[in-house]
Enquirer: 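Dropping a structure here in structure tokens format, bear with me for questions.
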Amino acid sequence: MTRHANGAGAGAGADPASGRLPQLLSALFYGTCSFLIVLVNKALLTTYGFPSPIVLGIGQMAATIVILYVSKLNKIIHFPDFDKKIPVKLFPLPLLYVGNHISGLSSTSKLSLPMFTVLRKFTIPLTLLLETIILGKQYPLNIIISVFAIVLGAFIAAGSDLAFSLEGYVFVFLNDIFTAANGVYTKQKMDPQELGKYGVLFYNACFMIVPTLILSVSTGDLLQATEFNQWKNVLFIIQFLLSCFLGFLLMYSTVLCSHYNSALTTAVVGAIKSWGVLFPTSESPLCSACGDVSLC
């Protein structure tokens, strides 16, 4: 009886901050990876003039598949072997990715970079709404007010855009919906009894790489990449491989942040690093693969 009481007292006296440490570190890890990949991709796409952000995205997916598969073979991590139930368990993540991909491509060509960045902030309230509907998560009033303050700021900024494009606005809002839904469903699919975070990462990359490769071939993007004149440049190759590895770290840190936090937290952290592009230069390219800045 005394032992039980002491145990209960120890549990009650535990520092609640220690439980928040993984949440903070995972968010910091995600933000750092997201920022670093912007720098590396900026060098590849602007300094070297690499013509194919889609191929860069394919390289990042391929790196994710190889790293996770080798880690599974060496029993460093575990995720279920492929079976016919995997697509059902993963659904609708691959479809959401394809929708996100296509809407991102369509919207980037219709809007200016600052306006695109502003309208992408609507991903945050949409994520909050979908978490409430799909995951049944409830947020306190102060968080809801903060999110709507972001929406108000986006409306004010959007009102100053004289180059109004209805088609561009429709595509970017579709992009927001697909991005928010992808974040929420990723959180839902990370059940350790099902695919787990590594299974979600691995199989989603496997399913994503096929339509992306088809898109790259059909648009001539792959041909431009293979004919690029810097493939004999060692520094370029090192940075290309670094981008592929950072792509894996970004995908992993995104899932890790969603695992320890909420999809809303991940959306907010992802938005913070892109505020700098509200003051862009001509060397701030939009990624045609993810519809954001420099494949970030």
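Positions are given from 1 along the sequence.
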Enquirer: Same cluster or not: are L95 and M251 linked, directly or through other Ile, Leu, Val, Met, Phe, Trp or Tyr residues, by side-chain heavy atoms under 4.5 angstrom apart?
Expert: no
Enquirer: Starting at OG1 of T47, measure out to NZ of K42 and round the result to the nearest 0.5 Å.
Expert: 7.5 Å
Enquirer: Find out if a path of hydrophobic residues (ILVMFWY) with successive side-chain heavy-atom gaps under 4.5 Å connects L24 to L249.
Expert: no
Enquirer: For the pair S216 (side chain) and T212 (backbone), establish whether a donor and an acceptor sit closer than 3.5 Å, ignoring hydrogens and angles.
Expert: no
Enquirer: Could you report the tightest heavy-atom contact between A225 and S52, atom names first, then the distance?
Expert: CB-CB, 3.8 Å
Enquirer: When rounded to the nearest 0.5 angstrom, what is the spacing between OG1 in T127 and CG in L135?
Expert: 10.5 Å
Enquirer: I'd like to know if the side chain of T179 and the backbone of N175 have a donor-acceptor N/O pair within less than 3.5 Å.
Expert: yes
Enquirer: Where does the angle between the aromatic ring planes of F245 and F248 fall among parallel (under 30°), tilted (30 to 60°) and perpendicular (over 60°)?
Expert: tilted
Enquirer: Quick check: closest heavy atoms across P51 and D221, and the distance to 0.1 Å?
Expert: O-OD1, 3.9 Å
Enquirer: Can I177 be reached from F148 by stepping across I, L, V, M, F, W or Y side chains whose heavy atoms are under 4.5 Å apart?
Expert: no
Enquirer: Taking atom types as modelled, is there a side-chain donor on Y198 or S71 under 3.5 Å from an acceptor on the other?
Expert: no
Enquirer: Report yes if the side chains of I124 and L128 come closer than 4.5 Å at any heavy-atom pair, otherwise no.
Expert: no
Enquirer: Any sub-3.5 Å donor-acceptor pair from S262's side-chain atoms to S258's backbone N or O?
Expert: no
Enquirer: In the structure I gave you, are the side-chain heavy atoms of K72 and D81 within less than 4.5 Å of one another anywhere?
Expert: yes
Enquirer: Does V269 form a side chain to side chain contact (heavy atoms under 4.5 Å, CB included) with T266? I'd like the steps, not just the answer.
Expert: CA-CA 5 Å; V269 173; T266 305; 5.9 Å; no
Enquirer: What is the distance from atom CZ of F207 to atom CZ of F91, rounded to the nearest 0.5 Å?
Expert: 12.0 Å
Enquirer: Is the backbone N or O of L195 less than 3.5 Å from a side-chain atom of K189, with the two atoms forming a donor-acceptor pair by type?
Expert: no
Enquirer: Taking OH in Y185 as the centre, count heavy atoms belonging to other residues, nucleotides or ligands within less than 6.0 Å. Is the count above 12?
Expert: no
Enquirer: Working to the nearest 0.5 Å, report the span between CG of L264 and CG of L126.
Expert: 11.0 Å
Enquirer: Given side chains that start at C-beta, do those of K89 and Y203 come closer than 4.5 Å, heavy atoms only?
Expert: no
Enquirer: Check F228, Y48, F50 against F240 for a side chain to side chain contact (heavy atoms under 4.5 Å, CB included) and give me the one that passes.
Expert: F50
Enquirer: Which heavy atom of R120 sits nearest to which heavy atom of T123, and what is that distance?
Expert: O-OG1, 2.9 Å
Enquirer: Return the minimal non-hydrogen interatomic distance between Y139 and I144, and the atom names on each side.
Expert: O-CD1, 3.7 Å
Enquirer: If you look at every heavy atom in A27 and C257, which pair is closest and at what distance?
Expert: CA-SG, 3.8 Å
Enquirer: Test your reading of the model: is there a side-chain donor-acceptor pair from S243 to the backbone of Q239, 3.5 Å cut-off?
Expert: no
Enquirer: Is K187 reaching over with its side chain to a backbone N or O of N261, donor-acceptor style, under 3.5 angstrom?
Expert: yes
Enquirer: Under 4.5 Å between side-chain heavy atoms, counting indirect links through other Ile/Leu/Val/Met/Phe/Trp/Tyr residues: same cluster for L223 and W231 or not?
Expert: no
Enquirer: Any idea which heavy atoms bring S26 and Y260 closest together, and the distance?
Expert: OG-CB, 3.6 Å
Enquirer: If hydrophobic clusters are built from ILVMFWY residues whose side chains come within less than 4.5 Å, do L45 and L235 share one?
Expert: yes
Enquirer: With side chain to side chain contact (heavy atoms under 4.5 Å, CB included) as the test, would you mind laying out the steps for L246 and C33 before giving the verdict?
Expert: CA-CA 7 Å; L246 284 172; C33 290; 5.6 Å; no
Enquirer: Just one of L68, V70, T64 clears the side chain to side chain contact (heavy atoms under 4.5 Å, CB included) bar with V66, so which one?
Expert: V70
Enquirer: By the definition side chain to side chain contact (heavy atoms under 4.5 Å, CB included), identify the one residue from I54, L215, V217 that meets it with L222.
Expert: V217
Enquirer: If I take atom CZ from residue F171 and atom CG from residue D176, how far apart are they, to the nearest 0.5 angstrom?
Expert: 13.5 Å
Enquirer: With side chain to side chain contact (heavy atoms under 4.5 Å, CB included) as the test, would you mind laying out the steps for I86 and D83 before giving the verdict?
Expert: CA-CA 6 Å; I86 293 292; D83 59 53; 3.8 Å; yes
Enquirer: Could you state the interatomic distance from CE (M190) to CD (Q188), rounded to the nearest 0.5 Å?
Expert: 10.5 Å
